[in-house]
Amino acid sequence: MKYYLTVPIYYVNAAPHIGHFYTTMAADVLKRFKIMQGYDVVLTTGSDEHGQNVERAARLLGKTPEEYATLISQEFRETWQKTGLLVDRFMRTSDPQHHAKVRWLFERCRENGYIEKGSYTGQYCFNCELYVNEAQAGDPCPDCGRTTETVTEENYFFKLSAFQDRLLRLYEEQPQFIQPEIRRNEVISFVRQGLRDLSITRTSIKWGIPVPVEGHHVFYVWFDALITYMSAVEGSDLWPADLHLIGKEIVRFHAVYWPAFLMAAGLPLPKQIFAHGWLLFDGMKMSKTRGNIVRATPIQQAMGIDALRYYLLREVPFGADGNFTYEALVSRYNADLANGLGNLVSRTLSMIQQYRQGIIPGAGQEPSCEPVAAKAREVLASYPASMEAFEFSRALESVWQLLATADKFIVTQAPWTLAKNPEASSKLEATLYTAAEVVRLVTALLYPILPHSAAKIWSQLGMTTPIDQVRLGDLAWGGLPPGQKIGKPEGVFPRLDPKATVARLLDLEEAERERQDALVGKKLVAKTPAAAPEGGDRGAGMREGVAPIAPEITIDDFAKVDLRVARVLDAQPVAGADKLLQLQVDLGEAQPRTIVAGIALAYKPEQLVGRKVVIVANLAPRKLRGLVSQGMIVAASLEGGQPVLAGFLEDVPVGARLK
RNA sequence: GCCGGUGUAGCUCAGGUGGUUAGAGCGGCGGUCUCAUAAUCCGCAGGUCGUAGGUUCGAGUCCUACCGCCGGCACCA
């Protein structure tokens, strides 16, 4: 039976980091688990290479988009290989086979009447390659906060609006289609609010897949990217996918757009979409500008990749956001892997070596061993159920309960005492067998999560069948063959010094970051700044994370803007809006003005009263939440759109004009 | 503002359909064995289960309101 699962294709705008690893590793775990259940599993990923950001990043490096994309794409592929993830197919969006598939799907949707040509005039964010329907001229992009540009384009539109009912029915009839539940609820409420048709082509971009017949149109990144899930397995009967494993930030594309595209083309839908949460670093979102991104490979160097796999799946309930810290990583490693699993293996094998010359004894009939067997049977049943439900954390917990049971058992039996008494020989043997059998079962169960360490333990136990050929259905208590000679015991998880290891991890991370920076050119590690629409390469001169300078204007243009010093007389929250404050400001006019500003998240009303601010005094009035705003307050816009009000170091009179 | 989620020991979290003294792991403290990776094992930690009401013989466990945090939507410089 086939099982086809995917992780996203990753955008070549950034080098691989732990976030990419998290998703892909989880898929690798599921793959190995499904294989143990007897499925023929295929796992795909790839690289998302099109779009203006890539075009620009390449130009800055003096490379063609193809060359640049190849470089990063290669980096991803090498990362998966280095970290031992079993990716079967890696599809690049620049692959001709993929191009053909995208055009084919487009044509099918069009033949079925779900695509038509239309024109759009409105705001466009060049950075996100996104149309912002509600925005007005000069408004910022809702995603990145950068200023949108007014554009007019003739584009192809996908009739997403036609699929509202069908999508809702899908979510209704197949509750498992989007998981976890919280994401499902979000998607449903989003679709219930009504769907707008979706522009799926762009004329402002060259680096993309050309639309059939139309030389100057290319496909919108998401129409392009999602289809890799099909093109990656072209020529096989793997479609539809059994699972798309994704991060929660791209739920909408997968749970709304993608099924709609497929419905339009009359194709089968994926069986399930599972969105996991984010990895935070010390409670903060990882971001390139903060410089707090963590990579997987340095951790692999310091403590082995299995340690990271274990930590991520044990510490963070899959689906929820979780926190990553180096301290917790090392602490988990020592407590669970070294003291727990590693030590049980070590003491068990060592006793078999000392007391029975490395030969696994017979199980015998010993009532005191029965509770251990019972616990093992229990875990044998609960573990797969947890894995099926994406509850990795719970699955691991149950295995560790069995480990604890075994440790307790050994102490109770005290084999070292039994060994001194020849009459206790059969009890000793039963004890050793029971311990070894726990090790065997635990190792097999843990193989999907700790593949490399499990393989080592497996061979130390003297098992002859390769561990990747073990099937869950064959696992049962008592399956360890007596008489088997164990291999050489070697520490699988040597204990680590917490402080020294964290320091080492930080050093290795630093080195890896430098290597990646060198690879792509330092400036490009940051999300590439938005381009000025006509002003050429103004983005090129900006430092990391800094938006590019807008197109040139004349002094006359500037003179049109009347900036004034004003004093805030009063500030009130606006009912029904999180971000708005209603301000009364004195510009030196006869009457105070009302200004509605979206700064409520950054400033409390009482912080503002009495403060001098800068106002755009001649901006056309605009209605916001029913209130007329007579002007705009000037603020620096930080990452995430957070505003910081402009002010003066010296005292300035109200009404003064800024020139 | 609407919708969803969440708030339980220092930390990470369990606690279907309400019922004896609220649990686990980690960390911390004390003790123990010696097969083992200064590991294991045993004991201890006395937490108003966010707050305030309510339903009930009885509520982390159901209801209402409020507060905090997270997310989606609306909205936005």
Side-chain angles (χ1 to χ4, degrees), chain A residues 132 134-136 138-142 145 147 180-194 248-249 251-252 277-278 280 283 314-317 319-323 325 327-328 331-332 334-355 393-394 396-397 400-401 403-404 406-419 428 431-432 435 489-496 498 573-581 595-603 616 622 624-625 629 632-638 641-645:
Chain A
V132 189
E134 321 78 22
Q136 305 196 0
D139 278 358
C141 169
T147 307
E181 207 59 27
I182 179 169
R183 305 274 93 91
R184 177 168 180 265
N185 294 342
E186 277 171 19
V187 168
I188 290 175
S189 80
F190 174 77
V191 174
R192 278 208 182 119
Q193 287 183 19
K248 67 179 186 183
E249 70 282 3
V251 165
R252 190 182 305 169
W278 283 342
L280 307 174
R314 177 64 187 83
E315 184 85 359
V316 181
D321 288 355
N323 202 18
T325 67
E327 288 76 13
S331 157
R332 276 278 178 205
N334 277 335
D336 296 357
L337 295 176
N339 298 353
L341 177 60
N343 185 57
L344 178 69
V345 172
S346 171
R347 67 195 307 204
T348 300
L349 295 179
S350 161
M351 286 189 287
I352 291 172
Q353 191 65 51
Q354 286 178 50
Y355 303 143
S393 182
R394 204 171 276 234
L396 285 168
E397 221 177 308
W400 256 257
Q401 277 179 23
L403 292 176
D407 268 329
K408 214 162 291 185
F409 167 77
I410 291 172
V411 169
T412 312
Q413 301 285 96
W416 44 92
T417 308
L418 299 175
L428 171 63
T431 300
L432 296 180
E490 258 176 75
V492 183
F493 301 108
R495 223 185 132 73
L496 297 171
V574 174
D578 286 348
K579 299 185 180 177
L580 296 182
L581 288 183
I595 289 188
V596 181
I599 55 174
L601 295 181
Y603 293 94
V616 181
R622 182 175 171 190
L624 299 169
R625 293 302 295 192
S629 180
M632 186 175 107
I633 195 160
V634 175
S637 184
L638 272 46
Q642 192 200 357
V644 177
L645 292 180

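Keep in mind that what you see is a predicted model, and the values were worked out from it rather than measured. The chains referred to below are lettered A, B, ... by the order of the sequence lines, with proteins before strands, and numbering in each begins at 1.
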### Message
Less than 4.5 Å apart, side chain to side chain, heavy atoms only: is that true for Glu186(A) and Phe190(A)?
### Response
no
#### Entry: Val616(A) to Val634(A) - nearest heavy-atom pair and separation
CG2-CG2, 3.9 Å
### Task
Could I get the full list of side chain to side chain contact (heavy atoms under 4.5 Å, CB included) partners for Glu327(A), not counting sequence neighbours?
Thr325(A), Val502(A)
### Query
If we take the P atom in both rU21(B) and rU37(B), what is their distance in whole Å?
45 Å
### Task
Mind checking Ile599(A) for me? I need base, sugar-phosphate or nothing, with any heavy atom below 4.0 Å counting as a touch.
nothing
#### Entry: Consecutive-pair stems (at least three Watson-Crick or G-U pairs, under 3.5 Å) that include RNA chain B
B:1-7 with B:67-73, B:10-13 with B:23-26, B:28-31 with B:41-44, B:50-54 with B:62-66
### Task
Taking atom P in both rU20(B) and rG30(B), compute the distance separating them and give it to the nearest angstrom.
35 Å
### Interatomic distance where CD belongs to Glu315(A) and P belongs to rC11(B) [whole Å]
13 Å
### Query
Which distance, rounded to the nearest 0.5 Å, do you find between the CG of Asn334(A) and the CG of Asn339(A)?
6.5 Å
### Task
Provide the distance between the two P atoms, one in rG68(B) and one in rG47(B), to the nearest whole Å.
26 Å
### Task
Mind calculating the distance between CD1 (Ile188(A)) and C1' (rG4(B)) to the nearest angstrom?
11 Å
#### Entry: Under the side chain to side chain contact (heavy atoms under 4.5 Å, CB included) test, residues paired with Val191(A) that sit two or more places apart
Gln164(A), Leu167(A), Leu168(A), Tyr171(A), Val187(A), Leu195(A), Val256(A)
Show which side-chain atoms of residues 346-353 of chain A pair as donor or acceptor with protein atoms under 3.5 Å away, not counting sequence neighbours.
{"residue": "Arg347(A)", "atom": "NH1", "partner": "Asp407(A)", "partner atom": "OD1", "Å": "2.5"}
{"residue": "Thr348(A)", "atom": "OG1", "partner": "Leu344(A)", "partner atom": "O", "Å": "2.7"}
{"residue": "Ser350(A)", "atom": "OG", "partner": "Gln354(A)", "partner atom": "NE2", "Å": "3.0"}

### Task
Determine the interatomic distance between P on rC35(B) and the same-named atom on rG27(B); round to the nearest Å.
24 Å
### Query
Charged N to carboxylate O below 4.0 Å: is that the case for Glu397(A) and Arg394(A)?
no
### Message
If I pick the C1' atom on rC2(B) and the same atom on rU61(B), what distance separates them, to the nearest angstrom?
### Response
28 Å
### Query
With a 4.5 Å heavy-atom cut-off, do Glu315(A) and Asn323(A) have their side chains touching?
no
### Query
Going by a 90° cut-off around 0, is rG60(B) syn or anti?
syn
### Message
Would you measure the distance from the P atom in rA65(B) across to the matching atom in rC3(B) and give it in whole Å?
### Response
10 Å
## Note on the structure
Closest to the 5' end of RNA chain B, once Asp336(A) and Trp278(A) are matched to their nearest nucleotides, is Asp336(A)
### Summary
Arg332(A) atom CZ is separated from rG27(B) atom C1', nearest whole Å, by 11 Å
### Message
Under 4.0 Å from OP1 or OP2 of rG15(B): is there any side-chain N or O of Arg394(A) that close?
### Response
yes
### For atom CZ of Arg183(A) and atom P of rU6(B), their distance in whole Å
12 Å
### Task
Please report, rounded to the nearest Å, how far the P atom of rA24(B) is from the CZ atom of Arg314(A).
14 Å
## Note on the structure
Tightest non-hydrogen contact, residues Ile633(A) and Ala597(A), listed as CG2-CB, 3.6 Å
### Query
What nucleotide, of rC73(B), rG71(B), rG5(B), holds the atom closest to the side chain of Lys248(A)?
rG71(B)
### Message
Is the shortest side-chain heavy-atom distance between Asn343(A) and Phe493(A) below 4.5 Å?
### Response
no
### Query
Rounded to the Å, how far apart are Glu327(A) CD and rU12(B) P?
14 Å
### Query
What is the distance, rounded to the nearest whole Å, between atom CG of Asp321(A) and atom P of rC69(B)?
16 Å
### Task
Determine the interatomic distance between C1' on rC49(B) and the same-named atom on rA38(B); round to the nearest Å.
38 Å
### Message
Tell me every residue that passes ring-ring contact (aromatic ring centres under 6.0 Å, His included) with Trp278(A), counting only those two or more places apart in sequence or in another chain.
### Response
none
### Message
At under 4.0 Å between heavy atoms, how does the protein contact nucleotides 30-40 of chain B? Give one character per nucleotide, 5' to 3', with B, S or -.
### Response
---SSBBB-SB
### Task
Using atom CH2 of Trp400(A) as one end and atom P of rC13(B) as the other, report the distance to the nearest whole Å.
19 Å
### Query
Considering only the P atoms, how many Å lie between rG46(B) and rG54(B), rounded to the nearest integer?
32 Å
